[in-house]
Amino acid sequence: MIAYLSIRNLSVSLSNGPEILRSISLDVDAGEVHGLVGESGAGKSIIGKSVLGILPRAMGITSGEIWLDGVNLLSLSVAQRRRRIGALAALIPQDPLTALNPSRRIGPQITRRLVGILGWSKSAAQARALELLKEVHIENPEHVMRSYPHELSGGMRQRVLIASAFAAEPKLIIADEPTTALDVTVQKQILRLVGEMQARHRTALLFVTHDLGVVSKVCDHLSVLYAGMIVEKSQMRSFFAAPSHPYSRALLAASPKYDDLSGGLVPVPQAVIDQLDGEITAFDKGSRT
Amino acid sequence: MLCSIQSYAMRDTRSEIRPKLGIRLWLCGGWLFCLVLGALFAPWISPQDPLAQDLFAARLPPFWVAGSEPGFWLGTDSLGRDVLSRMLHGARLALIVAFIAGTLTCLIGSTLGIFAGYYQGWADRVISRFIDIWMAFPPVLFAILLIAVIGTGMTSIIIAIIIIDWTRFTRVVRAETMSQSVMDYIASAQVAGRGKFSTMVSEILPNLLPTIVVLLSLEMGIAVIVEAILSFVNLSISTDSPTWGGMIAEGRISIHQAWWVLVFPLIALFLTVLSFSQFGEGLKDRFDPVLR
Ligand SMILES: Nc1ncnc2c1ncn2[C@@H]1O[C@H](COP(=O)(O)OP(=O)(O)OP(=O)(O)O)[C@@H](O)[C@H]1O
Ligand SMILES: [Mg+2]
């Protein structure tokens, strides 16, 4: 039985050579939350973008398969793929500032998928959008629907993005650090909201973050990414109990503990980085032969 | 649980603040509006025939100066032609050129710019190289050369303006498109199943409109200047139809005897160009949802 989203041996590289993703494999099942952690630049966002078919111009998928709902997306034509992704998947983007079109009102930005892909009538889509805005705890949704993005606060924008991601009942949502741009209290609310919505709609959720604290709250499984390579994949509970890879252990040790600040910051030990670099070199050698 | 949901329900506190319609927009818009009316109704409201010469009424001063004659409000030139009537008729040509040349330049330049900026690749490389070459020519010299080759007349002026100025739109629109097209909302639109072309039209274009409007308005002002320059050097329409540039050229010769022949068309030209450039800015301030 194949998982709802199944990425198999996915490699992505820049058109001028450097590898960004090194043979990534990961599975996310319906109703499951899969966390993707790693330091900045590890390639977390690129995984999400590969799945959704929105890679930057300079990048290309060199090998691998992306199965979504039993179909390998990479075997489809561009138009077919776009339609399939549009119907099944959605994105909660990293930056709520640039994720909404500044010159269009909120309403049509939420309803576009309903009208464009699912072929709903305008009024039905409108009603659904209102309902969704209430679901993400926005008071006065009628007013928000008529607002422009710059008239909303960051937290409200993020709520709008969550509402529009869940609008068409997608079976897969990729949340790319939905809380990084927000302050801690709003962050908590948004996390709870995403969890709530995910459970209610039984969505498969790929949750990208670099915050292990966040992962421990919302995820069932997690993958640790380093320089485009998955160094550890495990159950949430077993990961926090006993991380198997030294890098994971270093990450855990490095994450700040708010109740005990006396420890200071713990960098990732040089020995661990050397070991990782060794693994990457070995991988690159292996993939070349 | 219910209580906690209540506590994190968000309230929108930003009220709708609408700035007053700016004074700048009123002044510029007002001048342009009067000018359009004057140009439209020139044949009916002109006090005199703009071409009628009367050597006995040559160099009459404007109405508030001693020696003026009723009916010649802004005086007459050295051939006895009424300055006000000539200016009104000159406004027709100036505005027709401004609107047609401005709009066409805008359409052509912006289209090239948005395609180059959005699709990039070879289209962008070709268009960008073309712009580089184009910008190496000094524009007015280029226009004069062009008119000398394709001949005088309104169509020639319009073509000259388009050929000189399309790069202004293309450069700005291209850069703006590029900065918009890496934004997350473009990716979101594509995830939502939008095609590439339709994303460009429905997501990017609305964000370019404020910039395009400002440029268009500015371009209309520039078209008025270019037309004036070309008529100043006598490369405009046939020599007898009145133009602001032509009036300025003639007025220059008799400035010591009849300053009004030079000064009034100059003021009209100045106000018109200023109004066009400020009108666009004013519109942007007023209607751009991001700035509003
Ligand atoms: N448009 C692009 N062109 C070239 N390289 C890029 C581009 N976008 C990202 N990269 C490279 O791809 C790699 C992975 O980037 P990615 O955005 O996935 O990082 P990330 O793990 O999401 O980091 P962050 O936590 O900061 O968002 C980085 O090394 C980055 O330099
Ligand atoms: Mg990222």
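All chains are named by letter (A, B, ...) in the order of the sequence lines, taking the proteins before the strands, and each is independently numbered beginning at 1.
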Enquirer: With a 6.0 Å cut-off (strictly less than), is the heavy-atom count around CZ of B/Phe142, excluding the residue itself, greater than 12?
Expert: yes

Enquirer: Select, from B/Glu203, B/Gln180, B/Lys196, B/Met183, the one with the greatest count of heavy-atom pairs under 4.5 Å involving chain A.
Expert: B/Glu203

Enquirer: Specify which of A/Gly86, A/Ser164, A/Ser103 makes the most heavy-atom pairs with chain B at under 4.5 Å.
Expert: A/Ser103

Enquirer: Is there side-chain contact between B/Arg194 and A/Arg82, with at least one heavy-atom pair below 4.5 Å?
Expert: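 Answer no - side chains too far apart.
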
Enquirer: Please walk me through it: do A/Ile85 and B/Gln190 pass side chain to side chain contact (heavy atoms under 4.5 Å, CB included)?
Expert: CA-CA 9 Å; A/Ile85 292 169; B/Gln190 271 167 6; over 6 Å; no

Enquirer: Taking the side chain as every heavy atom from C-beta outward, state whether B/Tyr185 and A/Pro93 have any pair of such atoms under 4.5 Å apart.
Expert: no

Enquirer: Does A/Lys122, at its NZ atom, have more than 12 non-hydrogen atoms belonging to other residues, nucleotides or ligands within less than 6.0 Å?
Expert: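 Count not over threshold, so no.
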
Enquirer: Search all heavy atoms of B/Asn207 against all heavy atoms of A/Pro102 and return the closest pair with its distance.
Expert: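 In terms of heavy atoms, the two residues are closest at OD1-CG, 3.2 Å.
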
Enquirer: Quick one: salt bridge (charged side-chain N to carboxylate O under 4.0 Å, His left out) partners of A/Asp95, sequence neighbours excluded?
Expert: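 With neighbours one apart ignored, the set is empty.
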
Enquirer: A/Leu91, A/Val78, A/Ile92, A/Thr98: which one forms the most heavy-atom pairs within less than 4.5 Å of chain B?
Expert: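 Of the candidates given, the most pairs with chain B belong to A/Thr98.
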
Enquirer: Please report the interatomic distance CG(A/Leu100) to CG(B/Asp184), rounded to the nearest 0.5 Å.
Expert: 9.5 Å

Enquirer: Taking every non-hydrogen pair under 4.5 Å, which of A/Arg104, A/Arg83, A/Arg57, A/Gln94 racks up the most with chain B?
Expert: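 If we count pairs closer than 4.5 Å to chain B, A/Arg57 comes out on top.
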
Enquirer: Shortest non-hydrogen contact from B/Ala187 to A/Ile54?
Expert: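 Scanning both residues, the minimum pair turns out to be CB-CD1, 3.6 Å.
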
Enquirer: Measure across B/Ser202 and A/Asn101 and return the closest heavy-atom pair with its distance rounded to 0.1 Å.
Expert: O-ND2, 4.4 Å

Enquirer: Quick one: of A/Ala99, A/Ala79, A/Ala87, who has the most non-hydrogen atom pairs under 4.5 Å with chain B?
Expert: A/Ala99

Enquirer: Can you confirm whether more than 12 heavy atoms, excluding those of B/Phe99, are under 6.0 Å from its CZ atom?
Expert: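 Yes.
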
Enquirer: Checking side chain to side chain contact (heavy atoms under 4.5 Å, CB included) for the pair A/Arg112/B/Ser188: CA distance, chi angles, key distance, verdict?
Expert: CA-CA 11 Å; A/Arg112 65 181 165 201; B/Ser188 300; 3.5 Å; yes

